[in-house]
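A short worksheet on the structure shown next.
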There are 2 protein chains.
Amino acid sequence: MTQLDIPEDTAEQSPKLGRKRDHTRDPEILAAALEVLAETGYDGMTIDMVAARAKAGKATLYRRWPSKGELIIDAVACMKQSGNDYSRLPDTGSLRGDLVAMIKPLSIKDSEKKLQILAGLMSMLSHDPGLADAANAALLEPKVAANRVLMQRAIERGEISAGCDIDLLSLITPSMVAYRVLILRKPVDSAFLISLIDGVLMPAVGLGPSANGRTD
Amino acid sequence: MTQLDIPEDTAEQSPKLGRKRDHTRDPEILAAALEVLAETGYDGMTIDMVAARAKAGKATLYRRWPSKGELIIDAVACMKQSGNDYSRLPDTGSLRGDLVAMIKPLSIKDSEKKLQILAGLMSMLSHDPGLADAANAALLEPKVAANRVLMQRAIERGEISAGCDIDLLSLITPSMVAYRVLILRKPVDSAFLISLIDGVLMPAVGLGPSANGRTD
DNA sequence: CATATACGATACTCTTGAGTTTCGGATCTT
DNA sequence: AAGATCCGAAACTCAAGAGTATCGTATATG
C-alpha cells in the first residue's frame, strides 16, 4: 500500500508476442477514476462506476491494479502531470501584477476540480499519511509552490521585505479558496481572489494600498 | 432528511406509565457518534461501533433515530452547544490583545477535534447542502463569528479602518488552521497562530509592526 | 408483588460492493 | 490463415454493514 511513485506509464515490459499493445488504456482509466472520485468520494465510488466511465471491463482494472486503493493512489499521483501548468509563471515586474496574472478561468476550474477530489479523499488522509502527502503534492502544493516562487522573486528584486513569512503567505490563497469551495460552497471568482491579494497579501508583504501600481 | 433542529433533548413526550425514564442516554450516544465519526469518517463508521462506544444496544439507536444519516445529522447539530464557549469573548482594549487572548490549549484541542469531524463529513458536503450548512454552523462558524465580533469592536473603537473586509479576514485563521491540520497534518501551536496574527491579520487591518503594543 | 415499559444483547435478513472467473471476440504476429 | 494474447461483458463468490426482530432483564409504577 501507499506506493506513490509511478514506475510504469508507457512501455513497461518487453513486448514479447502477439498482443495488441501494452496498457495504453491507463490514462483513460485513471482519468475516469478521478472523475468518479470527484463526484462521489472514495467510499461512494465503485470499481464498476470507473470501468463504465472508462468504457472498460472491471477485469481490466484488476489486471492492472491489485485493489481499489492502489488504483486511486495511482490516479492521484498521476495528477501531478495533468491539470494546470505552473512551470512557466508570469513575470510582470511587480508582485501584484504576477499574482493577478495567475487568475484565469481555466485555473479556477482546475482548482475546483482538484478540491472536489481532495474532498473525496479527506476522510482517509488522517489514516494514511502517505496518501495525504501524495494528495497534497498533486493537488495543492503546485499552486503553493507557484505563489512561493512569485514572492521569492519579489524579495530578490527588492520589492518586498526579506522578513516576510513566504511559506505562510503562499498558503493563504489555497486555503481560503478551499474553504470557500468546500465549506461555504460559493463560487470562486476573480473579485474574491483580488480581495485576497489587495486586502490580505499585499498588506502582509508591506505593500499597502498606496505602495503599488493599482489603478482602482 | 436533513432535519437539523433538535426538537427533543430531555422531557420529550408525556411520561404516561411505568418506564425507567425518557431518552436520557441521548447525549452519551451522540457524543459516541461524534467520537467514532472523527476517528473513522462517515463511511467507515458503523452503527455497531457507536452502540458499543456508548455501551448501548444497536436497537436502542434505531428506536431513537430512523437511520444512520439522521443520527449523525443530529449529532453534528448538537455540537453547537458543546465545545468551546464563544459567548464571553476577551476584551483587552486592543485587537491584537483580543486575538492573542483567544489562543488557549483547550481551544486548539477543540478546533482539532471539530476538524476531524469535518474531515469525516467532507465527502458528503457536496451532495447534501443542508448537512454542509449544519456542519459549518456547528464546527467553523462559531469561531469565525468570534473573530468577526472582535474586529467589529476594533472598528467601533476606531482602532482599525472601517474599510477592512471583516467578513474575509475573520475566515483567515479558521481556514489556515484547517489547512494545517487536515492537509499538512502539523500541530497547531501558539507560534503558528501568532504568526498569522502578526504576519497577516494585523497588517491587513492597517496595524503594521510598529502600530501596536507588541514587545517582540 | 404484579405489570408495563425501555433497555442490552444477539440472531437474523437483505443489499451492496470488492475481487475472481469464465468466455467469446478482436487484434497483432508470424 | 493460424496461433497467441488481450480485452469487455457478465456471472459468480464472499464479506460487511444497514436495518429488523426476538428475548431476557432491569426498573419504575401501583
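Numbers restart at 1 for each chain; the letters A, B, ... are given by sequence-line order, proteins then strands. None of these values were measured; they are calculated from a predicted model.
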To the side chain of A:K68, which of C:dA18, C:dG8, D:dG8 is closest?
C:dA18
At less than 4.0 Å, is any side-chain N or O atom of A:R64 found next to OP1 or OP2 of D:dC6? Yes or no.
no
Taking the side chain as every heavy atom from C-beta outward, state whether B:F192 and B:M176 have any atom pair closer than 4.5 Å.
yes
Give the nucleotide from the list D:dA18, C:dG17, D:dG8 with an atom nearest to the side chain of A:R25.
D:dG8
Between D:dG8 (P) and A:Y62 (OH): distance, integer Å:
16 Å
Can B:T92 and B:D98 be counted as having a side-chain donor-acceptor contact under 3.5 angstrom?
yes
Distance in angstrom units between B:L71 CG and D:dG19 P, rounded:
10 Å
Pairwise side-chain contact, A:L99 with A:L193, heavy-atom cut-off 4.5 Å (strictly under):
no
Heavy-atom nearest nucleotide on DNA chain C taken for A:D43 and for B:K55; more 5' hit belongs to B:K55
I need the CZ-C1' distance between B:R53 and C:dA9, as an integer number of Å.
19 Å
What's the closest nucleotide to the side chain of A:K58 if the choices are D:dA11, D:dG19, C:dG8?
D:dA11
Can a side chain N or O of A:T60 be found less than 4.0 Å away from OP1 or OP2 on D:dG8?
yes
Using 4.0 Å as the upper bound for N to carboxylate O, is an ion pair formed by A:R180 and A:E112?
no
With the side chain defined as heavy atoms from C-beta on, A:R63 is closest, among D:dA18, C:dC23, D:dG19, to C:dC23
For B:G44 and A:A59, take the nucleotide of DNA chain D holding the closest heavy atom to each; which residue's nucleotide lies nearer the 5' end?
A:A59
Take the protein atom CG of A:D48 and the nucleotide atom C1' of D:dG8, then report the distance between them rounded to whole Å.
13 Å
Which of these nucleotides, C:dG19, D:dG19, D:dC7, is closest to any side-chain atom of A:S67?
C:dG19
